[in-house]
Asks: 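Take this structure, written in structure tokens, and hold onto it; I'll ask about it next.
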Number of protein chains: 2
Amino acid sequence: MTDAALHIHPTGHDHAACVGEALEIAETLCVERGARLTPLRRRVLELVWSSHRPVGAYDILGRLDESARKPAPPTVYRALDFLIEHGLVHRIESMNAYLGCNHPEQSHTGQFLICRECGNVTEMDDDDVRQTLRRKAAERGFDARSQTVELVGLCANCKAG
Amino acid sequence: MTDAALHIHPTGHDHAACVGEALEIAETLCVERGARLTPLRRRVLELVWSSHRPVGAYDILGRLDESARKPAPPTVYRALDFLIEHGLVHRIESMNAYLGCNHPEQSHTGQFLICRECGNVTEMDDDDVRQTLRRKAAERGFDARSQTVELVGLCANCKAG
DNA sequence: TATGGCCTGATACAGTGTATCATACTACAT
DNA sequence: ATGTAGTATGATACACTGTATCAGGCCATA
Ligand SMILES: [Zn+2]
Ligand SMILES: [Zn+2]
Ligand SMILES: [Zn+2]
Ligand SMILES: [Zn+2]
């Protein structure tokens with residue numbers, strides 16, 4: 001499902017830089033927090049960042065496979081759990097897949113724009129949206145603690161093309 | 001189910017009335033649209049409405065089982081697809097489960113308030129929220145066609161104790 | 001060295017969803 | 001009534017996603 005479109009990225013950008021920056025931020029963050037970004041976790045994070053499309057746990061598993069040893073599913077899920085806990089990765093609920101976060105400094109649950117054409121996902125993380133949802137829920141007596149917001153549609157590039 | 005009833009705790013309300021009303025609306029709607037609410041689809045809808053908690057496809061499958069024959073998974077998924085297409089049922093993405101809609105007259109994707117304590121889910125269907133999300137996405141060049149909004153927290157009753 | 005906590009390996013299984021082919025039913029036209 | 005096309009369901013097998021559990025390994029500290 002993924003491989004064909006894995007190479008499609010937002011226009012004119014150096015994706016190696018995205019990955020490099022993400023890994024660097026992750027290193028820094030984990031040092032600050034005394035968390036251990038082990039080689040396995042780092043490798044999984046790298047694979048999640050292989051594109052701007054959400055990646056399935058079993059895709060990651062398959063690609064870890066290429067590197068000599070053959071890990072089992074729990075290995076990947078544990079690494080993902082760690083990365084999610086530290087805000088380095090988001091889970092896209094409507095796709096059962098995982099996406100790297102580009103501003104993990106403060107833990108958050110973002111809002112996601114999923115292009116149905118190219119499959120790329122961008123994160124909004126808009127505080128107005130968050131507050132609006134909190135308020136609207138509160139008006140109904142509901143105390144919202146976490147939010148899942150995922151919009152499917154057409155990204156700017158796919159609209160143009 | 002009336003608007004007022006939406007905001008009371010599902011224990012201590014006449015749930016049979018919820019189910020009855022939902023089925024009646026479904027019948028009417030399907031007649032209007034020339035869609036066929038077959039016995040199987042009607043039964044699945046009834047099972048989805050067995051509570052105000054989202055129901056898994058395999059839960060439904062298990063309860064259909066009680067009634068003599070033993071359907072296979074595709075049977076349930078096809079029925080759910082039909083019901084979702086006609087707005088009679090929503091899928092709760094973050095739970096891989098399904099919830100009856102109490103105002104299916106106009107097709108829509110609602111916003112859901114999921115109580116982590118009692119598991120009940122209520123639907124907001126707030127147009128401000130919908131418009132805010134559309135606008136915020138549009139500001140980023142994204143044309144949103146469908147929205148998934150699911151908030152987890154505490155409902156009014158579970159807050160009270 | 002010993003101990004305890006955390007990370008990973010490994011097996012098995014549970015839960016969710018789909019592809020595919022076959023059969024049965026319905027509606028409609030002949 | 002008969003045939004035909006379209007829809008609905010039955011049935012098998014499989015793919016995808018996630019977890020429970022136990023065992024072994026690594027590392028820091030006492
Ligand atoms: Zn990139
Ligand atoms: Zn796109
Ligand atoms: Zn009810
Ligand atoms: Zn509650």
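Reminder, nothing fancy here: chain letters follow the sequence lines and each chain counts from 1. Values in this document were obtained by computation on a predicted structure and should not be read as measured data.
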Asks: Sort and list the pairs that fulfil side chain to side chain donor-acceptor pair (under 3.5 Å) and have at least one residue in residues 146-155 of chain B, not counting sequence neighbours.
Replies: S94(B)-E150(B)
Asks: Does any non-hydrogen side-chain atom of F82(B) lie less than 4.5 Å from one of R78(B)?
Replies: no
Asks: So, do V76(A) and L40(A) sit near enough that their side-chain heavy atoms are less than 4.5 Å apart?
Replies: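 They are not in contact (no side-chain heavy atoms under 4.5 Å apart), so the answer is no.
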Asks: Tell me whether E46(B) is salt-bridged to R42(B), with the criterion being a basic N under 4.0 Å from an acidic carboxylate O.
Replies: no
Asks: Which residue, A35(A) or R91(B), contacts DNA chain C at a nucleotide closer to its 5' end, judged by nearest heavy atom?
Replies: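 That would be A35(A).
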Asks: Assess whether a salt bridge exists between D126(A) and K136(B), defined as any Lys/Arg side-chain N lying under 4.0 Å from an Asp/Glu carboxylate O.
Replies: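 Salt bridge flag = yes for K136(B) with D126(A).
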Asks: Rounded to whole angstroms, how far apart are CD on E93(A) and P on dT16(C)?
Replies: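 Result: 14 Å.
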Asks: D81(A) CG to dT17(D) P: how many Å, rounded?
Replies: 16 Å
Asks: Show which residues join V149(B) in its hydrophobic cluster (side-chain heavy-atom contacts under 4.5 Å, direct or indirect), or state none.
Replies: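 L113(A), M124(A), V129(A), L133(A), F142(A), V149(A), L151(A), L113(B), M124(B), V129(B), L133(B), F142(B), L151(B), all in the cluster of V149(B).
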Asks: Using whole Å, report how far CG of L61(A) lies from C1' of dT8(C).
Replies: 14 Å
Asks: Taking CD1 from I60(B) and P from dG15(C), how many angstroms apart are they, rounded to a whole number?
Replies: 15 Å
Asks: Provide a list of protein-nucleic acid N or O atom pairs under 3.5 angstrom, restricted to nucleotides 6-16 of chain D.
Replies:
{"from": "dA8(D)", "atom 1": "OP1", "to": "R41(B)", "atom 2": "NH1", "distance (Å)": "3.2"}
{"from": "dA8(D)", "atom 1": "O5'", "to": "R41(B)", "atom 2": "NH2", "distance (Å)": "3.4"}
{"from": "dT9(D)", "atom 1": "OP1", "to": "T38(B)", "atom 2": "OG1", "distance (Å)": "2.6"}
{"from": "dG10(D)", "atom 1": "N7", "to": "R78(B)", "atom 2": "NH2", "distance (Å)": "2.9"}
{"from": "dG10(D)", "atom 1": "O6", "to": "R78(B)", "atom 2": "NH1", "distance (Å)": "3.4"}

Asks: Let me know the distance between OH of Y77(A) and P of dA10(C), rounded to the nearest Å.
Replies: 18 Å
Asks: What's the CG-C1' distance between N96(B) and dG18(D), to the nearest Å?
Replies: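 Nearest whole value for this atom pair: 10 Å.
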Asks: Distance check needed: dT26(C) C1' versus L37(B) CG, whole Å only.
Replies: 16 Å
Asks: Phosphate oxygens OP1/OP2 of dG18(D): is one of them under 4.0 Å from a side-chain N or O of Y98(A)?
Replies: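 Yes, such a contact exists.
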Asks: Whole angstroms only, please: what is the CE-P distance between M95(B) and dT16(C)?
Replies: 10 Å
